[in-house]
A.B. asks: 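Provided herewith is a single structure, encoded as C-alpha cells, for subsequent inquiry.
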Amino acid sequence: AENPWRGEPEPASQEPMYPEAPKMKPLSDEELKQSWPEAWTNRFSEEDLLASQREADVWAEEVREAMRHTWHGYKRKAWGHDEVKPLSGKTRDWCRMAITMLDGLSTLWLMGLKDEFMDAAKWLDETKPPTPGKHGKHSFFEITIRAVGSLMSAWHLSKQRVFLDTAQRLAQKMLPAFQTPNGMPKSTVDVGTGESQWVSWTKNVVLAEAGTLQLEFHAISRATNDNAYALAADRSMQAVITASGARGLVPIYLSRENPTTIGNKISLGACGDSYYEYLLKHWIQTGKTKNHLKDQWKKAMSDMQSKLVLKTAGGRTFVAESNNGVRHRMDHLGCFVAGMLMLGANTLPQSEVDAAWEPLAVEITETCYQMYKRSPSGLSAEYYEFHLQAGAGQDMTIPKDAPHNLLRPEAAEAIYYMHYYTGDPKYRRMAYEMFAAFQKHCKAPYGYSSLSDVRNPRQKDEQESFWLAETLKYFYLIFAPRTAFNLEEWVLSTEAQPLPIWNNG
C-alpha cells in the first residue's frame with residue numbers, strides 16, 4: 001500500500017510516541033441544560049441541543065488528540081525551536097523564542113493537557129528566553145501576538161510567574177522600537193539585542209502592525225504596574241486614529257513620519273484585519289471604558305457595509321477590497337469579520353447595535369464555509385475571486401496565484417462566535433466537515449502540514465504556530481460545552497490568546 005506520509009522515515013503504523021491522556025469528562029444532561037443561554041433555548045429544543053453536544057463530545061476529543069499529536073511531534077523533534085517541519089521532522093527558527101511552544105500554551109490549558117503545559121513552563125524556567133546575543137530582526141507584529149500575547153495568556157490562566165517574567169523580559173527588548181516620530185513601532189526587532197529597523201519591502205507602516213498592540217501591551221502593564229508598555233501601544237493606536245481623520249475604513253499603509261495615510265488600498269484581509277478587531281476588543285478588554293475606540297469601530301463597520309460588502313447573483317455575500325475601485329476578492333483572513341460582527345452585536349449597548357450585523361455575520365460565515373465546501377479537498381484556498389453576475393456554484397473560484405492552505409483559523413473563528421451566541425447545531429456540523437478535511441489531508445508524522453494546492457493536495461512541510469494557538473483552539477471550543485470558555489470574562493486576541501476583561505469596579 002502507498003505510504004500515506006509520503007516519505008515518513010518510520011512505519012506509519014507505529015503507535016503514537018506519547019502516553020494516552022485521560023479524556024475530558026462530559027457534562028451531565030443537567031449541567032448542560034444549566035449552561036445554555038436564553039439565546040439558545042429560545043430557538044432550539046432541549047433534545048436538539050443535547051443531541052448536538054453528545055455528537056460534538058466525540059469531535060472535541062478528536063481535536064484534543066490532534067493537539068496532542070501536534071505538540072508531541074514538536075516536542076520530539078524540535079523542542080525549544082520556533083517550529084517543527086511536520087513531514088520531515090526538521091526544525092525551523094526565525095526569532096528563536098520557541099514560538100510553537102509559546103503559542104500552544106493556552107490551548108493546552110483549555111484542553112486540560114496540564115502535563116504538556118508544565119513541560120513548557122519548566123523549559124522556560126530553565127532557559128529564560130530571550131537568550132542574550134543576536135536573534136536576527138523579525139516581525140514586531142508577529143512576536144507581539146505569538147509570543148507576548150501567548151505568555152500573558154498563560155500567566156493569567158495559570159498564575160505561574162515564569163510566564164509573566166518571560167513576557168516582561170521580551171517586552172523590554174521590544175520597547176525601543178516604539179521610538180519613532182509618530183510612535184508606531186519599527187516593523188522588525190531583534191529580541192536578543194533590542195535593535196529594531198524598518199523592513200525594506202515597503203517605505204510605509206502597515207495598518208495592522210501599528211494597530212494590533214494594545215491587548216498584549218496593556219496586559220503587561222496591568223500585571224506589572226509599569227505603564228510604559230500601555231503608553232507605547234496607545235501612542236501607536238492614536239497615530240492611526242489621527243491618520244484616519246473622519247474615515248472609518250483606513251488605507252493599509254501609513255507614513256513613518258507623520259500620522260497620515262498613504263495610497264488608497266483598503267482591506268479587511270491581509271495588512272488591515274486586526275486593526276479593526278482591536279478597536280472593538282481593546283474597548284471590551286478595558287471593561288468597555290474607551291468609548292472612542294468603540295465609536296471608531298462602529299464607523300468602520302458602517303463604511304464596510306456601505307462600500308465593501310457585496311453579494312453575487314448566486315447569493316454569496318463577501319467583503320471585497322478596494323484600491324481606486326473595488327476588487328471582487330476576499331482573503332480567508334477576512335472570515336474573521338463574521339466573528340467580530342457577532343462579538344460587537346453581543347457586547348455593544350443594544351441601542352448602538354446595528355440590526356444588520358448579525359444577518360451579515362451569518363451570510364459571511366456561510367461564504368467562508370463554502371470556501372471549504374467547494375474546494376476539491378474540502379480545504380479553503382488562501383483567497384477566492386468572486387463573480388458578481390454568476391449563479392450559485394459558479395460565483396467563487398480559486399485564483400492561480402493562491403491555491404495554498406496554511407492551516408489558517410479564520411473560518412473556524414467565525415463559526416466559533418456564531419455557535420457561541422446562537423447555539424445553532426448546524427455550525428458544529430460545518431466545523432466538523434472542515435476539521436475532518438484537515439485530518440485527512442494535513443496530518444503528518446510530526447504535526448499537521450500546510451498544503452501547496454488545495455485542488456491537488458500536497459503537503460508543504462510547514463506548520464505555522466497559529467495551528468496550535470487558533471485553529472485547533474477554535475475547533476475545540478466549538479465542540480466543547482459552552483462552559484469551556486466564557487466570553488463575558490475573557491477576550492481573545494487576534495492570535496486567540498485569552499486575556500481577562502478588566503473589572504473596573
Side-chain angles (χ1 to χ4, degrees), residues 249 252 264-273 304-305 307-341 359-415 418 426-427 429-442 448-460 462 464 466 471:
L249 293 176
I252 62 169
N264 296 306
K265 184 173 183 185
I266 289 173
S267 173
L268 278 97
C271 300
D273 48 9
M304 178 190 78
Q305 287 163 270
K307 295 173 182 172
L308 297 182
V309 172
L310 299 172
K311 186 181 275 194
T312 67
R316 288 277 62 78
T317 299
F318 66 102
V319 184
E321 293 181 356
S322 72
N323 190 6
N324 300 319
V326 177
R327 185 174 176 196
H328 301 149
R329 64 166 271 176
M330 179 175 165
D331 289 350
H332 183 280
L333 285 162
C335 291
F336 91 97
V337 169
M340 177 174 68
L341 286 168
L360 177 55
V362 170
E363 292 182 20
I364 293 171
T365 303
E366 178 61 33
T367 294
C368 292
Y369 166 63
Q370 292 295 332
M371 290 180 176
Y372 288 73
K373 185 86 175 158
R374 297 193 194 180
S375 158
S377 59
L379 289 169
S380 174
E382 180 73 355
Y383 76 86
Y384 276 78
E385 297 277 9
F386 289 81
H387 311 286
L388 290 187
Q389 309 310 321
Q394 308 298 314
D395 47 1
M396 48 192 282
T397 52
I398 296 172
K400 288 192 176 73
D401 64 344
H404 53 280
N405 180 295
L406 302 181
L407 312 174
R408 287 199 190 277
E410 292 78 19
E413 175 182 355
I415 290 172
M418 296 308 303
K426 77 175 184 183
Y427 289 116
R429 292 192 291 270
M430 283 182 182
Y432 188 70
E433 281 182 41
M434 292 157 51
F435 176 69
F438 282 117
Q439 283 282 63
K440 179 177 180 182
H441 296 295
C442 302
Y448 287 75
S449 175
S450 55
L451 302 178
S452 52
D453 191 331
V454 297
R455 298 164 301 187
N456 177 24
R458 286 189 309 281
Q459 295 188 349
K460 283 177 71 172
E462 292 172 5
E464 292 274 3
F466 53 66
T471 314

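Throughout, numbering of the chain's residues begins at 1 and tracks the sequence.
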A.B. asks: In the structure I gave you, are the side-chain heavy atoms of Asp331 and Glu382 within less than 4.5 Å of one another anywhere?
C.D. replies: no

A.B. asks: Taking ring-ring contact (aromatic ring centres under 6.0 Å, His included) as the test, write out the residues that go with Tyr427, two or more places apart.
C.D. replies: none

A.B. asks: Checking side-chain contact (heavy atoms from CB on, under 4.5 Å) for the pair Ile415/Met434: CA distance, chi angles, key distance, verdict?
C.D. replies: CA-CA 11 Å; Ile415 290 172; Met434 292 157 51; 3.6 Å; yes

A.B. asks: Is the side chain of Ser322 donor-acceptor paired with the backbone N or O of Gly325 at a distance under 3.5 Å, no angle test?
C.D. replies: no

A.B. asks: Determine whether the side chains of Thr397 and His387 contain a donor N or O and an acceptor N or O closer than 3.5 Å.
C.D. replies: yes

A.B. asks: Any side-chain heavy atom of Met304 within less than 4.5 Å of one from Leu360?
C.D. replies: yes

A.B. asks: With a 3.5 Å distance limit and no angle check, can you tell me whether Tyr384 reaches the backbone of Met371 through a side-chain donor-acceptor pair?
C.D. replies: yes

A.B. asks: Is the distance from the ring center of Tyr372 to that of His332 below 6.0 Å?
C.D. replies: yes

A.B. asks: Is there a donor-acceptor contact under 3.5 Å from the side chain of Ser450 to the main chain of Lys460?
C.D. replies: no

A.B. asks: Return the minimal non-hydrogen interatomic distance between Pro399 and Tyr383, and the atom names on each side.
C.D. replies: CD-O, 3.1 Å

A.B. asks: Between Glu464 and Arg408, does any side-chain N to carboxylate O distance fall below 4.0 Å?
C.D. replies: no

A.B. asks: Determine whether Glu366 and Met430 satisfy the following criterion, side-chain contact (heavy atoms from CB on, under 4.5 Å), listing intermediate values before the conclusion.
C.D. replies: CA-CA 9 Å; Glu366 178 61 33; Met430 283 182 182; 3.2 Å; yes

A.B. asks: Compare all side-chain heavy atoms of Lys265 with those of Cys271 and state whether any distance is below 4.5 angstrom.
C.D. replies: no

A.B. asks: Which atoms form the tightest heavy-atom contact between Leu310 and His328, and what is the distance?
C.D. replies: CD1-CD2, 3.5 Å

A.B. asks: Taking all atoms of both residues into account, what is the closest heavy-atom pair of Leu333 and Gly269, and its distance?
C.D. replies: CB-CA, 4.3 Å

A.B. asks: Can you tell me if Gln394 has over 12 outside heavy atoms packed within less than 6.0 Å of its CD?
C.D. replies: no

A.B. asks: Thr367 side chain to Arg316 main-chain N or O, any donor-acceptor pair under 3.5 Å?
C.D. replies: no

A.B. asks: Quick one: CG on Leu249 to CD on Gln305, what's the gap to the nearest 0.5 Å?
C.D. replies: 10.0 Å

A.B. asks: For Val454, does its backbone N or O pair with a side-chain atom of Asn405 as donor and acceptor, under 3.5 Å?
C.D. replies: no

A.B. asks: To the closest 0.5 Å, what do you measure between CG (Asp401) and NE2 (His404)?
C.D. replies: 8.5 Å

A.B. asks: Do the non-hydrogen side-chain atoms of Met396 and Thr312 ever get within less than 4.5 Å of each other?
C.D. replies: no

A.B. asks: Quick one: pull up CG in Leu407 and OG in Ser380 and give me the separation to the nearest 0.5 Å.
C.D. replies: 12.0 Å

A.B. asks: Which atom pair, heavy atoms only, marks the closest approach of Ala414 to Cys335?
C.D. replies: CB-O, 3.5 Å

A.B. asks: Quick check for you: to the nearest 0.5 Å, what is the distance between Ser377 atom OG and Leu451 atom CG?
C.D. replies: 6.5 Å

A.B. asks: State, without any angle test, whether Asn264 and Asn323 hold a side-chain donor-acceptor pair at a distance under 3.5 Å.
C.D. replies: no

A.B. asks: Please report the shortest heavy-atom distance between Ala390 and Ala313, naming the atom on each side.
C.D. replies: O-CB, 3.4 Å

A.B. asks: Go through the steps for Leu308 and Glu321 under the test side-chain contact (heavy atoms from CB on, under 4.5 Å), then give the verdict.
C.D. replies: CA-CA 7 Å; Leu308 297 182; Glu321 293 181 356; 6.0 Å; no

A.B. asks: Should the ring pair Phe386 and Phe318 be called parallel, tilted or perpendicular, given that the plane angle runs from 0 to 90° and is split at 30 and 60?
C.D. replies: parallel

A.B. asks: Nearest 0.5 Å, what's the CE-CD distance between Met340 and Glu410?
C.D. replies: 12.0 Å

A.B. asks: Would you check if Ser267 and Asp273 make a side-chain contact, meaning some heavy-atom pair closer than 4.5 Å?
C.D. replies: no

A.B. asks: In a check of side-chain hydrogen bond (donor to acceptor under 3.5 Å, both in side chains) between Asp395 and each of Gln370, Arg374, Gln389, which one passes?
C.D. replies: Arg374

A.B. asks: Would you compute the distance between atom NZ of Lys373 and atom CG of Leu379 and round it to the nearest 0.5 angstrom?
C.D. replies: 13.0 Å

A.B. asks: Are a donor atom and an acceptor atom from the side chains of Tyr448 and Gln439 found within less than 3.5 Å of each other?
C.D. replies: yes

A.B. asks: Do any N or O atoms from the side chain of Gln459 and from the backbone of His441 form a donor-acceptor pair under 3.5 angstrom?
C.D. replies: yes

A.B. asks: Please give me the minimum heavy-atom distance between Ile252 and Ala270, naming the atom from each residue.
C.D. replies: CG2-O, 4.5 Å

A.B. asks: In sequence, state the C-alpha distance, the side-chain angles, and the governing distance for Val319 and Leu268, and then conclude on side-chain contact (heavy atoms from CB on, under 4.5 Å).
C.D. replies: CA-CA 8 Å; Val319 184; Leu268 278 97; 4.2 Å; yes

